[in-house]
A.B. asks: 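Sharing a structure here in structure tokens format.
A quick note: this is a predicted structure, and the numbers were derived from the prediction, not measured. Below, chain A is the first sequence line, B the second, and so on; all start at residue 1.
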Number of protein chains: 2
Amino acid sequence: MANTPNFLAKNKSVILYGVFLAALLFLLKWLELRFIIIDHAFEIYAGSIAVIFTALGIWLALKLTRPKTILIEKEVFTGKPETFILNEKELTKLNISKRELEVLQLMSAGLSNQEIALKLFVSLNTIKTHNARLFEKLEVKRRTQAIETAKRLSIIP
Amino acid sequence: MANTPNFLAKNKSVILYGVFLAALLFLLKWLELRFIIIDHAFEIYAGSIAVIFTALGIWLALKLTRPKTILIEKEVFTGKPETFILNEKELTKLNISKRELEVLQLMSAGLSNQEIALKLFVSLNTIKTHNARLFEKLEVKRRTQAIETAKRLSIIP
DNA sequence: TGAAAAATCACCCTAAAGTATGAGGGTTAG
DNA sequence: CTAACCCTCATACTTTAGGGTGATTTTTCA
């Protein structure tokens, strides 16, 4: 298969987990030593493993699900008086990608490029690139115009 | 307290986790037995604990965080009921002047400071001063935030 | 009428936004 | 397989926005 790099990228967290596991070996070995030296420290050892790996599992799960939660946000919000209906036709017509829409939403929320970058776990330059594409597609020159236009076209609430 | 049932309901997952833990004891005891009988089954025992508790951690984390993920988005207490009604109370409370409101409107229309200056026949510096006052009064740092806040407070359409 | 608020403008400086260009890897449909 | 996106990031540069300070002229109103 030629998709080995793909696999690597997709399982970044899993690989990190592996590395962390390796790092844990020392701790475990040390605990094993204690087990030999101190009698009946067996429970301590088992308990340690349980606690450590439970925490590890929680951490892993959080890492894996965090990106997914961001995607959920934009689907599930409804205004009380008038429900916002995303104009998907316009979105398709303007060829605006999911990521670009995400940036647009944060932009309209008043966030700076730097803040958006931090929130989306990408670099400032990446946000600037998204902005440039966005402005091009919306045929505007500034973020304030982009917000105005996007709201008018019901691309954002 | 009378909200014990509420507590039970809210922590269903935690209780389940506890029950599951109890159930695990038998498995662990059994493994411990094996550990005594079979020599060098120690690694198997430790590995089992690691795997089980990692899975447990993942499951726990997913159970606990899944309900929390969605509600982050909009609060929305003032929608747009067709016709815009200027919130004069807020305007008075925030002590925003006529000219400042004018600047704010043009700002939200996507105009740059220079364009606003030309439109209002004043200098760029004047607009900047108005902006600074506006940001101070609205307690924001950027024009995009100012627009967002002003719209939310129905100061501008 | 006199103080307060509003509106105007300038200068200097920093921060943020935006433009242009190139580039590498990922995903996907044909 | 490959062309077409998409997402990512970088570097370099220009423009706009924003902060701080101080000042003058109107307007407003008690």
A.B. asks: Would you please test A/I116 and A/H130 for side chain to side chain contact (heavy atoms under 4.5 Å, CB included) and show each step?
C.D. replies: CA-CA 11 Å; A/I116 296 172; A/H130 285 315; over 6 Å; no

A.B. asks: Taking atom types as modelled, find out whether A/S108 and A/Q105 have a side-chain donor-acceptor pair closer than 3.5 angstrom.
C.D. replies: no

A.B. asks: How far apart are the C-alpha atoms of B/E90 and B/S154, what are their side-chain angles, what is the distance that settles it, and do they pass the side chain to side chain contact (heavy atoms under 4.5 Å, CB included) test?
C.D. replies: CA-CA 8 Å; B/E90 205 66 41; B/S154 285; over 6 Å; no

A.B. asks: Side chains of B/T126 and B/S123: donor-acceptor distance under 3.5 Å anywhere?
C.D. replies: yes

A.B. asks: In whole angstroms, how far is the C1' atom of C/dG18 from the CD1 atom of A/I116?
C.D. replies: 13 Å

A.B. asks: Would you check if the side chain of A/Q145 reaches a backbone N or O of A/K141 as a donor-acceptor pair within less than 3.5 Å?
C.D. replies: yes

A.B. asks: Taking a hydrophobic cluster as the set of Ile, Leu, Val, Met, Phe, Trp and Tyr residues connected by side-chain heavy atoms closer than 4.5 Å, whether directly or through intermediates, do B/L118 and B/M107 fall within one such cluster?
C.D. replies: no

A.B. asks: Once you round it to whole Å, what is the distance between P of C/dT19 and CG of A/L134?
C.D. replies: 12 Å

A.B. asks: Just the rounded figure in Å: distance from C1' of C/dA20 to CD of A/E136.
C.D. replies: 12 Å

A.B. asks: What is the distance, to the nearest angstrom, from the CG atom on A/N113 to the C1' atom on C/dA17?
C.D. replies: 6 Å

A.B. asks: Would you please test B/I156 and B/L101 for side chain to side chain contact (heavy atoms under 4.5 Å, CB included) and show each step?
C.D. replies: CA-CA 8 Å; B/I156 54 174; B/L101 180 60; 4.1 Å; yes

A.B. asks: Strictly under 4.0 angstrom, non-hydrogen atoms only: write out the protein contact profile of nucleotides 2-11 of chain C, one letter per nucleotide from the 5' end, B, S or -.
C.D. replies: ----SSBBBB

A.B. asks: Under 4.0 Å between a Lys/Arg side-chain N and an Asp/Glu carboxylate O for A/E136 and A/R133?
C.D. replies: no

A.B. asks: Report for the helix from C/dT1-D/dA30 to C/dG30-D/dC1: angle between first-end and last-end helix axes, five pairs each, rounded to 10 degrees.
C.D. replies: 60°

A.B. asks: Under a 4.0 Å N-O cut-off, is there an ion pair linking A/K119 with A/E115?
C.D. replies: no

A.B. asks: Earliest and latest nucleotide of DNA chain D, 5' to 3', sitting under 4.0 Å from a non-hydrogen atom of chain B?
C.D. replies: D/dA17 to D/dG19

A.B. asks: Go through A/E102 and A/K98 one step at a time and tell me if the salt bridge (Lys or Arg N to Asp or Glu O under 4.0 Å) criterion holds.
C.D. replies: CA-CA 6 Å; A/E102 221 169 343; A/K98 206 185 296 182; over 6 Å; no

A.B. asks: Any donor and acceptor pair, going by atom type alone, linking the side chain of B/N87 with main-chain N or O of B/L153 inside 3.5 Å?
C.D. replies: yes

A.B. asks: May I have the distance from B/R143 (atom CZ) to C/dA17 (atom C1'), rounded to whole angstrom?
C.D. replies: 11 Å

A.B. asks: Taking CZ from A/F135 and P from C/dT19, how many angstroms apart are they, rounded to a whole number?
C.D. replies: 7 Å

